[in-house]
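Okay, structure first, notes after.
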Amino acid sequence: MKMDLNSVKITEAIGFRSLVTTFEKALEIGLQKKDVRILKRVYDAFESTTNHDKKSPMDEAFREFMLYKLMDNVEKIGALVRLSVDAVREEIASVTIPVVLLADVFDVVTLDKCELIFNFVEEMLDIWKEEIFFTSCKNNILRMCNDLLRRLSRSQNTVFCGRILLFLSKFFPLSERSGLNIVSEFNLENVTEYGTDDKSLDDGLENTVDDIPIKVDYNLYCKFWSLQDFFRNPVQCYSKTQWKMFQSHTNTVLDAFDGFKLDCGLKRRKTDTEKKVDDKAQSTSKSTMKNNRQDEDNENIFKSDIFFAKYLTNPKLLALQLSDSKFRRATLVQFLILFQYLQSKVKFKTDSSVLTSSQELYIETTQTRVYKLIEETPPNGNQFLRTVQHILNREEIWNKWKNEGCKEIRKPDDVQNNTKGKEEPQEDNATTSGSGAVVNDSNVKEESSDESFIKQIQPHTRKRLLGDILRESYNSNRYYLGHPLLTELWNLAPDNLSACKSEDRNFLPEFEVYLNNKNDRSDSSSWRALRLLARQSPHFFTTFNSSSSYKIPDYLENMRRRIIREKLENAKPATSATVTNGQVSSNGSTLENETMTLTDAEQEAEPELGADEDIEKNEDDRNAHSKPLVATHEQIEEIAPLIGDDWKKLGKKLGYTPDELEFFETEHTEPNTACVTMLVNWFADDDDATLDNWAYMMEGLEINEAATAVKAMIERLSTKSSKTDVEVISD
């Protein structure tokens, strides 16, 4: 609805609400015409009212107009925020009103709209950094961004979280103390978990990779990963006991690196690959082109930038990790960072944090050794070493800056003047070179330093923006995942969901076919067979409990015979059937791709129908209709006092998060009541919630008294159930 400024009534003596209503009407007109002068004209019309009494109604008019009229229009929200910025510059609204409007709208809209509205926040970065807004609004902007981050999930809304953090880093200056680690604290929560105390791991660690000439045993494994605790908290090295341990572990790890050079293995493998390529190249030109493409792909994979923030600590992976150049470089660079911290003068170190002469000598010797190992690690070891040394030198500059109190960084005023002065060489005290160029001997050194400075401040070649790449991929109906191999894999089929559901991707064998391989009787094979049985046959859920006394191989063999027998019975015709070569033919119908013939040995081993099989059938029928034992509310209240203060430990075992346990605790002050509520929810929501599982978990947590009580409850219920079955049979 179009409005005119003449429709806005101006009265002298009006209250707060009347001012708000008048300003809202003027605001609607000003938003349509995108002209703040309309607001200014209405604002100045109230001459008898002070500016302080008029700014509050104006702020309220902005907020109410935003919340009640513009919540569904993202574009108009951005226009209103820009209009509020103009109103601040005209001094008719409070300085903080643009940020307040954004904070209000972020609190009441969905996360999808928040992500769209945040575009306006990013676009107006230069406005927020103006002096009039920065001083008054920086705390409001920081609070608004933190409130958004609390609502977002770091795993589900990763991109949006990253945009907010990048905005804050651009908004606040480098010397902003709220974003600095002033007292040089370490992230002690970054704990690396590894290994066990059982030295039986030696069997799984030794000789896992044939190409590694060193012995990867449990001792090397523990020493290697225990160094992460020193990298996490370098202050431990100032303790004599901890230093001896660090020194011993470091020598062991570096000896292992010295004993296994990556360049030899890489050269040997490269030579073998080249021989294979040469042999294939002699066959046809087509195969030669194919091999060349494969070599190029392998080279691209080797040169691709892949970064791992955390490495896996499985004992069986250490041998493979030692042969990875990036893993080795990450470890060696950690040593250099630790050595630099121990030798640096940090303002917040304690008086006891001082190295002895022997420690300094060891660090210098070991540091030289680490440099040599980095240089020997392919590819481009020399270049990587120079890069690391350059970064560590810059780190010394940042350390000095923090020791001086993190002063504000400013560009020197005389830089441009000095640069201009060097461009025009003076004639005095100058000589002419053979080429006729004028050279000033006194300024040669200064000119070279200026040239190096200019080279440092020159912008690097601009890379292609990620947004342009994504836009181009979207227009061509392709996916871009950042890595060439992932991008190629993701674009193999136009519809990835249909490609995943294709029958060609069904690699599961039939249960009875899988068991035909009688040579493999390992635990892993039995586990896979049980998984196949549970997936393909209902007998797993009706027979396994009654056959718990079987050994697993015997149980699987029995189930295989039963499934084959059932398929044979189902395939028999009404009159006659023929079984030949694994196929059943009846009236022209065949059952293919199934092995359904029983060998003579299997037929002899199969028991005859009798009392045992009748009992097994009765047990199958009972198990088919039986339900798992669950606890009632009264039974849970009976067991809860026996659990006591261990209810949180039990809750973690049941799968509840710390936030959910805290909710139970705040809702119920008494531990027994909170425990009862938690267990009632578990039995109601979890499919695996049974009395057996409950008792098993409490036994593992050593809540023995409660576990014994639950077992007694299970026996009572089982006895009662068996008596009921006997009565039914007798009837």
* Identify which one of V20, I97, L19 satisfies the side chain to side chain contact (heavy atoms under 4.5 Å, CB included) criterion when paired with E60. => V20

* Structure fact -> With sequence neighbours left out, the residues meeting salt bridge (Lys or Arg N to Asp or Glu O under 4.0 Å) with D104 are R63

* Structure fact -> Closest heavy-atom pair, S136 versus I132, reported as atoms and distance to 0.1 Å, is OG-O, 3.9 Å

* **Residues forming a ring-ring contact (aromatic ring centres under 6.0 Å, His included) with F172, sequence neighbours excluded** => none

* **E660 (side chain) donor-acceptor with T657 (main chain) under 3.5 angstrom** => yes

* Asked: Hey, does K55 have a side-chain heavy atom less than 4.5 Å from the side chain of I92?
  -> no

* Structure fact -> Sorted by chain and residue number, the salt bridge (Lys or Arg N to Asp or Glu O under 4.0 Å) partners of E64 (sequence neighbours excluded) come out as R17

* To do: State, with a plain yes or no, whether a side-chain heavy atom of T135 is found less than 4.5 Å away from one of V95.
  => no

* To do: Sequence neighbours left out, what pairs pass salt bridge (Lys or Arg N to Asp or Glu O under 4.0 Å) with at least one residue falling in residues 88-103?
  => R89-E130

* Asked: Are side-chain heavy atoms of E28 and K69 found at a separation under 4.5 Å?
  -> yes

* Structure fact -> Checking V388, I391, L392 against V333 for side chain to side chain contact (heavy atoms under 4.5 Å, CB included), the one that qualifies is V388

* **Atom pair CG/OG1 of L661 and T666 - distance to nearest 0.5 Å** => 10.5 Å

* Within the side chain of K54, is there an N or O that forms a donor-acceptor pair under 3.5 Å with the backbone of Y43? -> yes

* Structure fact -> Contacts of S473 meeting side-chain contact (heavy atoms from CB on, under 4.5 Å) (sequence neighbours excluded), chain-then-number -> I469, Y480

* **Distance (rounded to the nearest 0.5 Å) between I77 CD1 and L102 CG** => 9.0 Å

* Any idea how Y479 and W490 line up, ring-wise: parallel (<30°), tilted (30 to 60°), or perpendicular (>60°)? -> perpendicular

* Output the distance between atom CG (N233) and atom CD (E185), rounded to the nearest 0.5 Å. => 11.5 Å

* Structure fact -> Nearest heavy-atom contact between L174 and L180 is O-CD2, 3.7 Å

* To do: Determine whether F23 and L39 make a side-chain contact, defined as any pair of heavy atoms from C-beta on separated by less than 4.5 Å.
  => no

* **Set of ring-ring contact (aromatic ring centres under 6.0 Å, His included) partners for F160, sequence neighbours left out** => F118

* Asked: How about F348: does its CZ atom have over 12 heavy atoms from other parts shown lying under 6.0 Å from it?
  -> yes

* Report yes or no: does E488 contribute a side-chain atom to a donor-acceptor pair with the main-chain N or O of L485 at less than 3.5 Å? => no

* Asked: Are F664 and W647 close enough that their ring centres sit under 6.0 Å apart?
  -> no

* Asked: Which value, rounded to the nearest 0.5 Å, describes the distance between L101 atom CG and I117 atom CD1?
  -> 11.0 Å

* Greater than 12 external heavy atoms within 6.0 Å of F663's CZ -> no

* Would you say E662 has more than 12 foreign heavy atoms packed within less than 6.0 Å of its CD? -> no

* **Contact summary for L486 and L481, nearest pair of heavy atoms** => O-CD1, 3.7 Å

* Okay, side chain of Q340, backbone of I337: is any donor-acceptor separation there less than 3.5 Å? -> no

* Asked: Can you tell if the side chain of D468 reaches within under 4.5 Å of the side chain of L465, non-hydrogen atoms only?
  -> yes

* With distance as the sole test, does Y311 use its side chain to make a donor-acceptor pair with the main-chain N or O of A330 at under 3.5 Å? -> no

* To do: Could you tell me whether K349 sits above the aromatic face of Y341, with NZ or CZ closer than 6.0 angstrom to the six-membered ring centre and within 45 degrees of the axis?
  => yes

* **Minimum-distance pair of heavy atoms, taken over all atoms of T192 and Y194** => O-CD2, 3.5 Å

* Which residue pairs satisfy the salt bridge (Lys or Arg N to Asp or Glu O under 4.0 Å) criterion with at least one member in residues 140-162, sequence neighbours excluded? -> D147-R150

* State, with a plain yes or no, whether a side-chain heavy atom of P234 is found less than 4.5 Å away from one of F186. => yes

* Would you mind reporting whether F46 and T22 have side-chain heavy atoms less than 4.5 Å apart? => yes

* To the nearest 0.5 Å, what is the distance between CD1 (I164) and OG (S169)? -> 12.0 Å

* Sequence neighbours excluded, every pair satisfying side-chain hydrogen bond (donor to acceptor under 3.5 Å, both in side chains) that has a member inside residues 397-406 -> none

* **K649/E702 ion pair, N-O < 4.0 Å** => no

* Hey, is OH on Y696 packed in by over 12 heavy atoms from elsewhere, all under 6.0 Å? -> no

* Straight-line distance of K129 NZ to C137 SG, nearest 0.5 Å -> 15.0 Å

* Ionic contact status for D229 with R232, cut-off 4.0 Å -> yes

* Asked: Which atoms form the tightest heavy-atom contact between Q321 and L312, and what is the distance?
  -> NE2-O, 2.8 Å

* Structure fact -> By side-chain contact (heavy atoms from CB on, under 4.5 Å), V159 pairs with (sequence neighbours left out) R163

* To do: Take D35 and R37 through the salt bridge (charged side-chain N to carboxylate O under 4.0 Å, His left out) test and state the conclusion after the steps.
  => CA-CA 5 Å; D35 191 358; R37 290 176 295 180; 3.0 Å; yes

* Asked: So which pairs with a foot in residues 669-680 pass salt bridge (Lys or Arg N to Asp or Glu O under 4.0 Å), sequence neighbours left out?
  -> none

* Asked: Looking at residues at least two apart in the chain, or sitting in another chain, which of them share a salt bridge (Lys or Arg N to Asp or Glu O under 4.0 Å) with E665?
  -> K648

* **For S94, side-chain contact (heavy atoms from CB on, under 4.5 Å) partners two or more places apart** => D59, T96

* Asked: For N187, does the CG atom have more than 12 heavy-atom neighbours from other residues, nucleotides or ligands under 6.0 Å away?
  -> yes

* Side-chain touch T350/S353, heavy atoms, less than 4.5 angstrom -> yes

* Heavy-atom closest contact (A61 atom, L27 atom, distance) -> O-CD2, 3.8 Å

